[in-house]
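Treat the numbers as computed from the prediction; the structure is a model and nothing was measured. Lettering of chains follows the sequences in order, A, B, ..., and the numbering in each one begins at 1.
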Protein chains: 2
Amino acid sequence: MFGPDDLIDHDGPITPYRQLAAILKARIARGDWRPNRPIPSEARLVQEYGLARSTVRRGIAELVAEGVLFVMPQRGTYVSPSDSTEGAEG
Amino acid sequence: MFGPDDLIDHDGPITPYRQLAAILKARIARGDWRPNRPIPSEARLVQEYGLARSTVRRGIAELVAEGVLFVMPQRGTYVSPSDSTEGAEG
DNA sequence: ATTAATTTGTTCGTATGTATC
DNA sequence: TGATACATACGAACAAATTAA
């Protein structure tokens, strides 16, 4: 549906926050950010995708609810340690 | 029967909502709105064609049933992605 | 300890769209 | 026709904790 390099389509049928969630998930799957590593800050994602912070937070909340991400207040948002999707490389 | 630039004939033999459906279909065929792009809001169509909102919704429902349009609740009404009429856009 | 920058948490206001009554 | 509800998006402001100088 949405690839790692897709941009947000503000007028599309899919809401921006869902697009962002799909994009972030794709980027995680691709390996842009590894388990227990932080994803870019909300402010950074705002710049990168041209979204309001509230929208970015909504997209992140979506992935937190799915268990893909977890938030450490005042510290950052991190990729959850995947138990099965564990990619063994290196 | 009805062209893209036709107006609604409130006294004609064809019901307004069918006229609207035909007009919208003609406008889509003409390219006023592309696949996966939103058509004007219900409120906008009410103004533009001088119809009651319920009538506009009925006309839209007609095209949704035909697969010409699809509705994303709380977001908007969109032109269905045509599998064959697929226009190559940038 | 101070100061400043960074980052998430929270709330309010405004706007737009469909859904329902 | 009109009013209300619900979902979404943007913008702004401030709080609180972390981090670095």
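Set against D:dG11, D:dT8, D:dT1, the side chain of B:Ser54 has D:dT1 as its closest nucleotide. Which of D:dT1, D:dG11, D:dT8 sits closest to the side chain of A:Ala52 comes down to D:dG11.
If you measure from atom CD of B:Gln74 to atom C1' of D:dA7, you get 5 Å, rounded to the nearest angstrom. Remark: P of D:dA7 and CZ of A:Arg57 are 19 Å apart, rounded to the nearest angstrom. Rounding to whole angstrom units, CG of residue A:Asp11 and C1' of D:dT8 are separated by 13 Å. Atom CZ in A:Arg53 sits roughly 14 Å away from atom P in D:dC10 (whole-Å rounding).
Across the interface with DNA chain C, nearest-nucleotide mapping of B:Arg75 and A:Glu42 shows A:Glu42 to be the residue nearer the 5′ end. Nearest-nucleotide mapping onto DNA chain D: of A:Pro73 and B:Pro73, the residue sitting toward the 5' end is B:Pro73.
Without hydrogens or angle criteria, A:Glu42 side chain to A:Val56 main chain gives no donor-acceptor distance under 3.5 Å. Distance alone, capped at 3.5 Å, is enough to place a donor-acceptor pair between the B:Tyr78 side chain and the A:Gly12 backbone.
In this model, the phosphate group of D:dC10 is approached by a side-chain N or O of A:His10 to a distance below 4.0 Å at OP1 or OP2.
Distance check: A:Ile8 CD1 to A:Phe2 CZ gives 7.5 Å after rounding to the nearest 0.5 Å.
Here B:Asp32 does not pair with B:Arg37 in a salt bridge; the nearest charged N to carboxylate O distance is not below 4.0 Å. Salt-bridge annotation for B:Arg58 and B:Glu62: absent, with no side-chain N of the basic residue lying under 4.0 Å from a carboxylate O of the acidic one.
Once you apply a 4.0 Å limit to the heavy atoms of chain A, the touched nucleotides of DNA chain C run 5' to 3' over C:dT7 to C:dT10.
Under the side chain to side chain contact (heavy atoms under 4.5 Å, CB included) criterion, A:Pro4 pairs with A:Ala26, A:Arg27, A:Arg30, sequence neighbours left out.
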